[in-house]
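Along the sequence shown, residues are numbered consecutively beginning with 1. Basis for what follows: all heavy atoms, side chains included, without hydrogens, waters or symmetry-related copies.
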Amino acid sequence: MTAKIAYDAVEVGTALPPQSFPVTRATLVRYAGASGDFNPIHWNEKFAKEVGLPDVIAHGMFTMAEAIRVVTDWVGDPGAVVEYGVRFTKPVVVPNDEEGALIEVSGKVAAKLNDGTVRVDLTATSGGQKVLGMSRAVVRLA
């Protein structure tokens, strides 16, 4: 695959299509099985509260992976992501109901670099709180 977005067609400030990602307790169980991360803060409400959390929380790496989907869906090729990093600022709290939580992600081109890449800054929130800080990806465009 190759990026579907042309470097010359993008300007600083270009907004990526925002997306929302639902997260339920079932989502967390499936992610735990796939990742091997069975920490009880991600599935056991009693344990999560005993260690000072408000409720069960989503895995940080799961949250990070959902956020980058805004970039990979926009560019059309996950392999176009050259670099990606975040700072975890708040947890995604996932209540035990049918709705769960929602991770809302938006992004914009923050810089055009000289090597055919752009830096995309992402904003990820859940429950009205920013859950990722310094969320940035460098993406090679066509």
Side-chain heavy atoms of [X] within contact of [Y], under 4.5 Å:
X      : Y      : answer
Arg119 : Val109 : no
Thr123 : Val105 : no
Tyr84  : Val71  : no
Lys4   : Asp77  : no
Val23  : Leu102 : no
Tyr31  : His42  : no
Ser35  : Phe62  : no
Tyr7   : Arg140 : no

(Q) Distance alone, cut at 3.5 Å: any donor-acceptor contact between the side chains of Glu45 and Asn96? (A) no
How long is the straight-line distance from [atom2] of [Y] back to [atom1] of [X], given to the nearest 0.5 Å?
X      : Y      : atom1 : atom2 : result
His59  : Phe38  : NE2   : CZ    : 8.0 Å
Phe88  : Ser135 : CZ    : OG    : 9.0 Å
Gln129 : Thr89  : CD    : OG1   : 8.5 Å

(Q) Quick check on Lys112: does its NZ atom have over 12 non-hydrogen neighbours (other residues, nucleotides or ligands) under 6.0 Å away? (A) yes
Q | ILVMFWY network linking Val70 to Trp74, side-chain heavy atoms under 4.5 angstrom | A |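 Shared cluster, yes.
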Do side-chain atoms of [X] reach the backbone of [Y] as a donor and acceptor pair under 3.5 angstrom?
X      : Y      : answer
Asn44  : Phe47  : yes
Thr125 : Gly128 : no
Asp55  : Ile57  : no
Thr14  : Glu11  : yes

Q | Shortest non-hydrogen separation from Ala3 to Ala142 and the atoms involved | A | O-CB, 3.4 Å
(Q) I'd like to know if Glu83 and Arg136 make a salt bridge, using a cut-off of under 4.0 Å between side-chain N and carboxylate O. (A)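 Salt bridge: no.
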**Q.** Counterpart residues, side chain to side chain donor-acceptor pair (under 3.5 Å), relative to Asp115 (two or more places apart)
**A.**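 Asp115: side chain to side chain donor-acceptor pair (under 3.5 Å) contacts with Thr117.
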